[in-house]
Amino acid sequence: MKNRINGSGSKQCLRKNLPVKRSVTIFVFFLCSYYYAQSGSVDSLLHRLTDAKGTEKVKILSDLCWEYRYSSVDSSLLFGHKALKLAETLNYPAGIAQTCNDLGVVYMMKGDYDLAVKLFYRALMWRKELNDSTGIAAVLNKIGMIHKERGRLDSALACFISALDIYEKIRHTQGIAHMLNNVAVVYMLQQNYDSALEYFFKSLKIKEKQKDDYGISGTLLNIGNIFYYKRSYRNAIPYLLSGIEYAKKVNELLYIGQGLNNIGSCYLELQVYDTALQYLTEALPIRLQLQDKKGEASTLINLANCYLHLKHFLKAEQYMSDALKMAQEIGAKQEIMNAHLNLSLLYNTTGEQEKAYEEHIEYSAMRDSILNEERNNQIASMQVRYETEKKEKEIAVQKLQISHQQLALNRRKVEVIFLSGIILLLFFSGFLFYRQQRLKRRHLREVALMEQKDIHMRAMVEGEEHERRRLAGDLHDGLGQMLSTLKMNVSSVLPDNGAVPPEEKEKTLNLIDEACNELRSVSHNLMPATLIKAGLIPALHEIIEKINHTGNLQVILITHGLEKRMDNSKEINIYRIIQELLNNGLKHSGATEIIVQLTRDERELTVTVEDNGKGFDVPAAGEASGIGWKNILSRIAFLKGAVNVDSQPGKGTTVAMDVPL
C-alpha cells in the first residue's frame, strides 16, 4: 500500500517598517491511503486501460486521475469521474472511497472547497464502512485542511488531532509525522511559533529516519517560514534552500515553486531586491506550469514589489494588476487584499493620489471582510490624510508667495492659519464627540431592545419545552394507563368459548398494542428520556439509529470535544434544532446522505448538518420558510448563536451554526 502526499496553503506576514504583505506558503501534508499501488507511467497506464475491465479498470482510471493532477487538471477530473461512475456501477466500495478521495484532492487544489469537502465526507463514510483506520485518518486530515483554508483553525486542529490519535493507535509512523506537521501548521497560523517549532522538529526527526524526502522537504520549508514570521530572515533562508534541494530529489514542482517564492520574500524583507527578483522569476513559470493560480498571484505580487522598489513602476503596475485579476478569478481574498494594498502604495509613490485613494478603499473593504471587524475609520483616516497633504501643499505655496512680503503681513497670515487650524481641530473634535455620543445612545437602545427580545424568546422557548414535557407526561401517565386498562378489560370481556373468533380477539388486542406503541413514540418525541438522562450525544445516536434503520437515508454523526455534558437548556435546544433539520432532510431534500458534525472548544460549539439532496435557492426561499425553519431560527437566537445556510439547486444543503458556551 502506498500513500499520496501533497502540500498547499498560504500565510501572509507584515514587514517591520513597510506596510506591504509578502506571500509565504505554508506546507500542509495530506496523506491519502489507497488500496492499490501506483503502476508505471501515464503511457503505461493508458496502454493497460485498453484491455482493463471491472475493478482493475477502476484502479487504472483512479491512478490516471492522480497522475494528471498537476500536468492537466481537466484530464485528471475526466478520468476521476469515469472511475467513480464505474465503481458505483460495480458497487465497489474501495474504488468509490479512493476515487472520491482523489477527486477531492484535485478539487481542493483548484480551490473548489465546497465540492472537495463533499467528496471527502463521502470517502469518509465508505472508509468507515470498510473499517479502514488509515483511510479514515487520511480523510479527516484533508477535511481539517479545508477548515484551515477557511480560517476555522480550532476545527482544523480538532480534525488533525483526531487523525493523529488514529495514526498513533495503529502505529502508522508516516501518518504520525505528517499530522505532527499539520498540528504545527495550525499553531503557526495562531502565531504560537514556539509550539509550532516543537512539533515541526518532532515531525522532521521521524521523516529523516524514514528517509521521506517529500516530508523532509515540506517540513524544512515550514521551519524556514517560522523564522520568516519571527523576522529572522537570514536564519529562514538556509532551511528554505535545504527544503528545495529535497524537493528536487523527488521532482516535486509544487514545493520547488513555493520554496523559491518564499526565499524571494525573505530577500524582499532584507531589501536585496536583485536577488529577490532572481528567485521570484524562477518560481513564476513553475507555478504557471502547475496551474497554481493562487500561488501565481502571490508570486506576481512579490515581483511587483521588487519592481516597485527598483522604480520600474510600469512593470510593477502590470504585475500587480495581473495578480489582482487572477486572485479575483479564484476568490483568493488574502491575495486580493494584498494586491489592492500594493497598488495603493504604488500609486502613492508615483503621485497618483486619486488612484491610491481608490485602491486603499478596496483594500479596506476586503480586509474588513477577511477579519470580520469594523474598520470604518480607516477610510476616514485615508481621506483626512489625503486632504491634509493637499492642504500642506497649499500652505507651502502660500509661504513661498508671501516670503517677499512684509514681515508684519506674513506674521498675520501665519496667525490666521494657526487660528484656523485650531478652530478646525475644535470643530472636528466636537463632531467626533457628537458622533460618538449618538452611536452610544443608539447602542444603548439596541441593547435594551435585544434584552426585551431575549426575554420574550426565552419565555417562548422555555414555555414550549415545558408544554412538551407536560404533554408527554399526560400522554404517558393518562392515556397510556387508560389503554393498558382497556386491553385488560377487553381481554377479560371477550369470552374464550368460541363465541368470538380467536383471530378477531387477537386482532383487537394487537390494535390496542399498536396504539400503546404509537403513544409511547409520540411521548418520546415530545421529550426523549435519553436526552434528559444521558445527554445530547446519546439522544442524537438514538434518533440517528432510528433513521438509519429505515434504509431510506444514511446519517453520519461526527463529534469532538463533547465528552462532558452542557447546560440542560442548551442540550435540549440543540437537539431540537438537529431533529428539525433531520426531519427536513427526510421530508424535503431527497438526500441519501446527511452528515452531522459537532465540534466543541472552550468558547463555542460548532454544529454542521450537510446533505447531498436537491438543494434550493436560499435568497428565493428566505420569505417562504415554514414553521419548522422559524422554530430553528428562534432557538438559535435564544442560544445567542449564528447560522449560515449554503445551498444551491442540485448541489445539496449545508447548515452551519456557532453557539457560544
Side-chain angles (χ1 to χ4, degrees), residues 7-15 18-28 108-114 116-117 144-156 182 185-191 193 196 221-222 225-226 228-229 231 254 257-262 264-266 268-269 280 283-284 287 290-306 308 316 319-346 359-375 378:
S8 66
S10 64
K11 173 77 174 176
Q12 308 294 333
C13 184
L14 281 172
R15 185 177 169 185
L18 183 63
V20 180
K21 292 191 176 182
R22 308 292 182 218
S23 176
V24 178
T25 302
I26 298 171
F27 298 85
V28 182
M108 187 176 179
M109 291 170 61
K110 285 185 64 179
D112 190 345
Y113 298 132
D114 290 334
V117 78
M145 290 174 60
I146 292 179
H147 282 312
K148 181 196 74 65
E149 289 297 326
R150 288 176 164 173
R152 300 173 182 174
L153 298 182
D154 291 337
S155 297
N182 292 357
V185 166
V186 177
Y187 282 128
M188 186 196 307
L189 293 173
Q190 292 175 336
Q191 299 183 9
Y193 298 132
L221 292 168
N222 274 331
N225 290 341
I226 289 187
Y228 177 91
Y229 299 142
R231 298 179 180 176
L254 182 65
Q258 291 171 339
L260 291 169
N261 176 81
N262 295 0
S265 296
C266 287
L268 265 172
E269 299 294 348
L280 293 169
L284 184 59
R287 293 191 147 181
L290 296 176
Q291 300 182 37
D292 179 8
K293 291 189 175 182
K294 185 173 183 180
E296 185 180 346
S298 299
T299 302
L300 287 170
I301 290 172
N302 285 339
L303 281 168
N305 283 327
C306 280
L308 173 61
Y319 276 107
M320 200 66 70
S321 299
D322 290 344
L324 177 59
K325 182 179 179 181
M326 185 169 298
Q328 289 172 336
E329 286 178 0
I330 61 175
K333 290 186 177 181
Q334 192 72 43
E335 282 70 23
I336 293 172
M337 182 185 74
N338 288 345
H340 282 304
L341 178 59
N342 283 281
L343 280 170
S344 175
L345 177 63
L346 170 64
E359 292 296 336
H360 203 282
I361 289 177
E362 295 292 336
Y363 154 73
S364 298
M366 185 57 65
R367 180 191 58 184
D368 292 344
S369 174
I370 294 173
L371 301 178
N372 195 22
E373 295 177 355
E374 292 185 0
R375 303 289 177 90
Q378 182 66 33

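Everything numeric here is computed off the predicted structure, so don't read it as measured data. When a residue number appears, it is its place in the shown sequence, counting from 1.
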>> Restricting to side-chain hydrogen bond (donor to acceptor under 3.5 Å, both in side chains), what partner residues turn up for Lys333, sequence neighbours left out?
In response: Ser369
> Which atoms form the tightest heavy-atom contact between Arg287 and Gly295, and what is the distance?
Replying inline: NH1-O, 2.5 Å
> So do the side chains of Leu341 and Met337 get within less than 4.5 Å of each other, counting heavy atoms only?
Replying inline: no
>> Measuring from atom NZ of Lys325 to atom OG of Ser321, what distance do you get when rounded to the nearest 0.5 angstrom?
In response: 10.0 Å
> How many angstroms lie between OG in Ser298 and CG in Asn262, if you round to the nearest 0.5 Å?
Replying inline: 9.5 Å
>> To check you understand the geometry: which heavy-atom pair defines the closest contact between Ala156 and Gly144, and what is its length?
In response: CB-O, 3.2 Å
> Quick one: which of Lys294, Glu296, Met366, Gln328 gives a side-chain contact (heavy atoms from CB on, under 4.5 Å) with Glu335?
Replying inline: Lys294
> In Å, rounded to the nearest 0.5 Å, how long is the span from CG of Asn302 to CG of Asn261?
Replying inline: 5.0 Å
>> Let me confirm one number: the CD1-CZ distance from Ile146 to Arg152, rounded to the nearest 0.5 Å.
In response: 10.5 Å
> Side-chain contact, heavy-atom cut-off 4.5 Å: His360 with Ser364?
Replying inline: yes
> Looking at side-chain heavy atoms only, is the closest gap between Leu308 and Met320 below 4.5 Å?
Replying inline: no
> Can you find a pair of side-chain heavy atoms, one from Leu324 and one from Ile336, that are under 4.5 Å apart?
Replying inline: yes
> What pairs of residues pass the ring pair (Phe, Tyr, Trp, His ring centres under 6.0 Å) test when at least one of them lies in residues 322-342, not counting sequence neighbours?
Replying inline: none
> Among all residues two or more places apart in sequence or in another chain, which pass the side-chain hydrogen bond (donor to acceptor under 3.5 Å, both in side chains) test with Tyr113?
Replying inline: Glu149
> When rounded to the nearest 0.5 angstrom, what distance separates CE in Met188 from CG in Asn222?
Replying inline: 4.5 Å
> Ile301 and Ala339: which non-hydrogen atoms are nearest, and at how many Å?
Replying inline: CD1-N, 4.0 Å
> What pair of heavy atoms forms the shortest contact from Cys266 to Tyr228, and how long is it?
Replying inline: SG-CD1, 3.5 Å
> So, for Asn342 and Asn338, which heavy atoms are closest and what is the spacing to 0.1 Å?
Replying inline: ND2-O, 2.6 Å
> How long is the span from the CG atom in Leu300 to the CG atom in Asn305, to the nearest 0.5 Å?
Replying inline: 11.0 Å
> Taking all non-hydrogen atoms of both residues, which atom of Ala304 and which atom of Tyr319 are closest, and how far apart?
Replying inline: CB-CB, 3.8 Å
> So do Gln258 and Leu221 actually touch side chain to side chain, heavy atoms under 4.5 Å?
Replying inline: no
